[in-house]
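Contents: one structure, followed by commentary.
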2 protein chains.
Amino acid sequence: MSTGVPEGYDPYAFEPFAVTVDLAVFTVRDGRLHVLLVERGADPYKGHWALPGGFVLPRESAETAARRELAEETGLTGGTAGALHLEQLRTYTDPDRDPRMRVVSVAYAALVPDLPEPRGGGDAAGARWWDAGRTGPLAFDHDRILADAHDRIGAKLEYSCLATAFCPPEFTLGELQQVYETVWGVELDRPNFRRKVLTTPGFVQAVEGSPRRTGGRGKPAALYRAGAATALHPPLLRPEGRST
Amino acid sequence: MSTGVPEGYDPYAFEPFAVTVDLAVFTVRDGRLHVLLVERGADPYKGHWALPGGFVLPRESAETAARRELAEETGLTGGTAGALHLEQLRTYTDPDRDPRMRVVSVAYAALVPDLPEPRGGGDAAGARWWDAGRTGPLAFDHDRILADAHDRIGAKLEYSCLATAFCPPEFTLGELQQVYETVWGVELDRPNFRRKVLTTPGFVQAVEGSPRRTGGRGKPAALYRAGAATALHPPLLRPEGRST
DNA sequence: TAAATAGTGTCTCTAAGACAATATAGA
DNA sequence: TCTATATTGTCTTAGAGACACTATTTA
């Protein structure tokens, strides 16, 4: 806004806008991308599943509201939720996107390591992880938001170090590779992936003292932590075409 | 929003949010990136320069509002403004970003070919193009929005065909190269740039009948139109580091 | 002619793709 | 042992960087 409020503008004169946040919370579980959904306990869309979210409070920024909702829905402590990767995706403003009133929603994508089942707090009837590719039709325009979020995450993996946000503090290169394969839906060559990750300065950092983790059978893998870098130069491009 | 409006929620019970759009309209002029600013005619920030923008009307999407404001501020006809590249950037929601009331603003970046001076319609005291790197402190949080917009445009040039949006319908490769050089603030090798553009399928399309345009002196350059592609594979990376 | 800009060709080098081979664990 | 996973290494190839050289215009 910039051209000034119209002379004599009264904030209460218009039908007010409500502002909400919607969250696409992703995790990688069993080699599939999962998203956190809540079951709606009231109309409209009662009984449908939807992205978690809620109203932005009068003295709150959208990001603060998003972190608050995330903590409520996932049962994470405030400290943990505060450290998660949260990224503003875009804002959905279609005048008819909510049948009750004019609601503008700021959507966020959040990436979390594999977490326990959510407790389903707040006013939702239930909450659980869904395979991101096999959700039924969601409430409101949430199918669109979910698709946009998946696209964005996939694109960001190419040129950022974001994939580590899906991993626990210490992880193997195999786990990191599985993040890429799961989000992109492709298979990558392991030696080449390894070379790319290790030759990108600051992407990952070896855990000293060579601790190793067993992944069942096979040779134990070395552990790494996320490095200091945030961007990838050059990017780690998907095998085929891209989006957006 | 998804967890349902609180029981008995009254849209008028809270202090309402206002929703606005802010536009970072860029063009390349004289080898410098320029942005369209308007001078504020009323408090707050009276006399300061700001990004053009305005309120989203009750039955309007944010993008519709942005195109309407763009047409008003630039004096473009509705048809022309409707075809311009307009990209939602992000939404700014700090509770104190406007001293008058709670205003949430959806920011857009627009790319236009070099245009005549704007007529400064609407309620702005004046409107003109500014060198994007030499604006004074702007009103509200518009310095931040402008910086974010510049970053985003620069990043998108790498992996999209967006640069043609800065060019007229028919353009030379030299003009296209200057878009990259201006937005990125670097110099590119002409033969290499040419090779990259011409070997990327669908980036540009030669204008048949070999019409040519004189750029003063020197050999006339061949003309091209924007091609059908929207993404660049592989991307056209900046010489040095990246952002975001 | 000189200067300016457009366009071509070529050599080099980086990094990605393909994939063979080796290492170390559990069954 | 066999199987599974991790790790190393090597050959090939696509594409970017550097830059010499040619072409076509105006002054």
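These values consider heavy atoms only, across backbone and side chains, with no hydrogens, waters or symmetry-generated copies. Residue numbers start from 1 in every chain, and the chains themselves are labelled A, B, ... in the order their sequence lines are given, proteins ahead of strands.
Inter-residue side-chain proximity for A/Leu162 and A/Leu111 is flagged as met; some heavy-atom pair is nearer than 4.5 Å. Annotation: side chain of A/Tyr224 is in contact with side chain of A/Leu198 (closest heavy-atom distance under 4.5 Å).
The distance between atom CG of A/Leu173 and atom P of D/dT7, rounded to the nearest whole Å, is 6 Å. Atom CD in B/Gln177 sits roughly 11 Å away from atom P in C/dG7 (whole-Å rounding). Atom CG of B/Leu223 is separated from atom P of C/dA6 by 11 Å (rounded to the nearest Å). The separation between B/Tyr180 atom OH and D/dG17 atom P is 13 Å, rounded to whole Å. Summarising the geometry, the separation between CG on B/Leu237 and P on D/dA14 is reported as 19 Å, rounded to the nearest angstrom.
The aromatic rings of A/Phe203 and A/Tyr180 stand perpendicular to each other, their planes meeting at an angle above 60°, with 30° marking the opposite boundary.
How far CZ of A/Arg97 is from CD1 of A/Ile145: 5.5 Å, rounded to the nearest 0.5 Å.
A salt bridge does not link A/Asp148 to A/Arg152: none of the charged side-chain nitrogens sits closer than 4.0 Å to a carboxylate oxygen.
Listed nucleotides: D/dA16, C/dT24, C/dA15. Nearest to the side chain of A/Lys219: C/dT24.
Taking a 4.0 Å limit (strictly below) on heavy-atom distances, residues 188-196 of chain B reaches DNA chain C at B/Arg190, B/Pro191, B/Arg194, B/Arg195.
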Evaluation steps, salt bridge (charged side-chain N to carboxylate O under 4.0 Å, His left out), between A/Lys156 and A/Glu87: CA-CA 11 Å; A/Lys156 282 214 86 167; A/Glu87 175 168 332; 3.2 Å; yes
